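The next block holds one structure in the form of structure tokens; read it before the comments.
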Amino acid sequence: MVLCALRRELLKSSSSCGSWARLLQRRSSGCVYSSTHDFTQKEVREKLQAFPGGSIDLLKQDSGIAVLTINNPSRMNAFSGSMMVELEEKVSQLENWSDGKGLIVRGAAGTFCSGSDLNAVRALSNPEDGMKMCMFMQNALTRLLRLPLISVALVEGKALGGGAELTTACDFRLMTSDSVIQFVHKHMGLVPGWGGAARLVHIVGSQSALKLLGGALKVDFQYGLHIGLADGVLEASQVQEDAETLLQQAENWLSRYVKGPAPVIQAVKKVAVSGRELPLSDALRTEKDVFGTVWGGPANLQALASKSKHK
Ligand SMILES: CC[C@H](C(=O)O)C(=O)SCCNC(=O)CCNC(=O)[C@H](O)C(C)(C)COP(=O)(O)OP(=O)(O)OC[C@H]1O[C@@H](n2cnc3c(N)ncnc32)[C@H](O)[C@@H]1OP(=O)(O)O
């Protein structure tokens, strides 16, 4: 049912690029869970705001590549409640970014993210609150992955628990040579709840996903590349400006995929999302509709006029 609804929405949205943003805006009130699931986004936001700390920082650049920074270094960039709310707000801003093409998600101060803030988790440990936090984060991360931007997680240091799940809400993952992604949930008596298990199976297949979750295995860049969780490795140098250098490397890596006009790059992401999420017949129809938004468009006409050769 969720898929049918997504397809209907995709079809409605495909008449113009701006309408994709409107689609995602509409879906933001309940792309996976809505009030029909006994879930009120506003209520959960209020509850989460009671656990403050850290921030989620968004920098939109003229290049069309934005940088989203998980910023709570004193807790290894763990997600406080207010950061969960901020994440959702930043995703809404990105959904409305008509000039956007790419996104880099990274952690502050040399590490990625250590999951939920355990202090908040302890206070929200009753089943009802746990379910609400889970649905809130599933919505936010599903919308993050569906953004019409090509996204990459820049993984430095540790990506643990919910931090590991966050990496799977990006299209690609780049790891530094000393970084680790670890689904530690089993050690916490849990399974992923932010949609990370479902996404992991899509990325690495069910066999590898079962190993990572069942063994709470530490994935370094070599293992990550081997199973397809990592898409590239970044070399951290020992110089002081390391963080900038890594960010620059990630931007360079991403630049080949986001070169070109925003409407075309956004269309590329839309057909990839529909192919990933919809049954084939629905994905084909959506692809036709998205194709219709770029066919005869400025970039297409310019390419035809220039008699380009693809050498
Ligand atoms: C669905 C998601 C899932 C859930 O909520 O259901 C989760 O994400 S559960 C959380 C999973 N994450 C963890 O359990 C991480 C626990 N922390 C560690 O394993 C380590 O702290 C580590 C490996 C991240 C870093 O180790 P290191 O030795 O380098 O540093 P410290 O341990 O001294 O950490 C520094 C400082 O950060 C605090 N910290 C780290 N992670 C968290 C966290 N997730 N929540 C709250 N605080 C965290 C740690 O306690 C230290 O604080 P300090 O006051 O200096 O003692």
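Keep in mind that what you see is a predicted model, and the values were worked out from it rather than measured. Order of listing sets the numbers, starting from 1, for every ligand and every atom in it.
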- prompt: What do you think, any protein heavy atom under 4.0 angstrom from atom 21 (O) of ligand 1?
  reply: no

Ligand-residue contact atoms, ligand 1 with Gly162, heavy atoms, under 4.0 Å: 2 (C), 7 (C), 8 (O)

- prompt: Is the shortest distance from atom 8 (O) of ligand 1 to a protein heavy atom below 4.0 Å?
  reply: yes

- prompt: Which of the atoms in ligand 1, numbered in the order shown and given with their element, are less than 4.0 Å from a heavy-atom of Leu160?
  reply: 19 (O), 23 (C), 24 (C)

- prompt: Hey, is atom 53 (P) of ligand 1 under 4.0 Å from any protein heavy atom?
  reply: no

message: Closer than 4.0 angstrom, basic N to acidic O: yes or no for Glu287 and Lys270?
response: no

- request: Of the side chain and backbone of Trp194, name the one, both, or neither that has a heavy atom under 4.0 Å from an atom of ligand 1.
  value: side chain

- request: Enumerate the atoms of ligand 1 whose separation from the nearest heavy atom of Met76 is less than 4.0 angstrom.
  value: 24 (C), 25 (C), 29 (O), 34 (O), 35 (C), 37 (O), 40 (C)

- prompt: Does some non-hydrogen atom of the protein lie less than 4.0 angstrom from atom 5 (O) of ligand 1?
  reply: yes

query: Okay, side chain of Thr168, backbone of Glu165: is any donor-acceptor separation there less than 3.5 Å?
result: yes

Atom 17 (N) of ligand 1 touched by protein heavy atom at under 4.0 Å: no

field: Heavy-atom check, side chain of Pro279 versus side chain of Asp282, under 4.5 Å
entry: yes

query: Got Lys158 and Thr111 here, is their nearest side-chain heavy-atom distance under 4.5 Å?
result: yes

- prompt: Within the distance-only criterion (no hydrogens, no angle test), does the side chain of Gln266 pair as donor or acceptor with the backbone N or O of Ile150 below 3.5 angstrom?
  reply: no

Heavy atom of protein inside 4.0 Å of atom 37 (O) of ligand 1, strictly below: yes

field: Residue Val121 vicinity, atoms of ligand 1 by number, heavy atom under 4.0 Å
entry: 5 (O)

- prompt: Does an N or O from Leu118, backbone or side chain, lie closer than 3.5 Å to an N or O of ligand 1?
  reply: yes

query: Which atoms of ligand 1 sit under 4.0 Å from any heavy atom of Gly115?
result: 8 (O)

- prompt: Which is closest to atom 12 (N) of ligand 1 by heavy-atom distance: Gly161, Ser80, Ser114?
  reply: Ser114

field: For Met188, the ligand 1 atoms whose distance to one of its heavy atoms is below 4.0 Å
entry: 14 (O)

- prompt: Ile56 and Met83: which non-hydrogen atoms are nearest, and at how many Å?
  reply: CG1-O, 3.4 Å

- prompt: How about His226 and Asp220: do any of their side-chain heavy atoms sit closer than 4.5 Å?
  reply: no

task: State yes or no: are the ring centers of Phe136 and Trp194 separated by less than 6.0 Å?
output: no

- prompt: Is there a side-chain contact between Val219 and Val180 (heavy atoms, below 4.5 Å)?
  reply: no

Close side-chain approach of Leu124 to Phe51, heavy-atom, < 4.5 Å: yes

- request: State, yes or no, whether a side-chain contact exists between Val152 and Leu103 at a heavy-atom distance under 4.5 Å.
  value: no

message: So, regarding Ser116 and ligand 1 (criterion: nitrogen or oxygen to nitrogen or oxygen, under 3.5 Å), is there a contact or not?
response: yes

Contact check, side chains of Val67 and Arg106, non-hydrogen atoms, under 4.5 Å: yes

field: Heavy-atom nearest neighbour in the protein, as seen from atom 55 (O) of ligand 1, with distance rounded to 0.1 Å
entry: Ser74 O, 4.9 Å

message: Suppose I only count heavy atoms of Glu165 and a 4.0 Å limit; which atoms of ligand 1 are within that range?
response: 1 (C), 2 (C)

message: For ligand 1 and Lys158, I'd like to know whether there is a polar contact (N/O to N/O, distance under 3.5 Å).
response: no

- prompt: Considering all protein heavy atoms, does one lie under 4.0 Å from atom 27 (P) of ligand 1?
  reply: no

statement: the protein heavy atom lying closest to atom 48 (C) of ligand 1 turns out to be Arg75 O, 3.8 Å

field: Contact partition for Cys134 relative to ligand 1, non-hydrogen atoms under 4.0 Å
entry: neither

message: Treating Ser179 as the side-chain partner and Met175 as the backbone partner, does any N or O pair qualify as donor plus acceptor under 3.5 Å?
response: no

task: Give the atoms of ligand 1, by number and element, whose distance to some non-hydrogen atom of Ala78 is under 4.0 Å.
output: 43 (C), 44 (N), 45 (N)

- request: Find out whether Arg143 and Glu88 are in side-chain contact, i.e. whether some heavy atom of one side chain is under 4.5 Å from a heavy atom of the other.
  value: yes

- request: Give a yes or no on whether atom 33 (O) of ligand 1 lies under 4.0 Å from any heavy atom of the protein.
  value: no

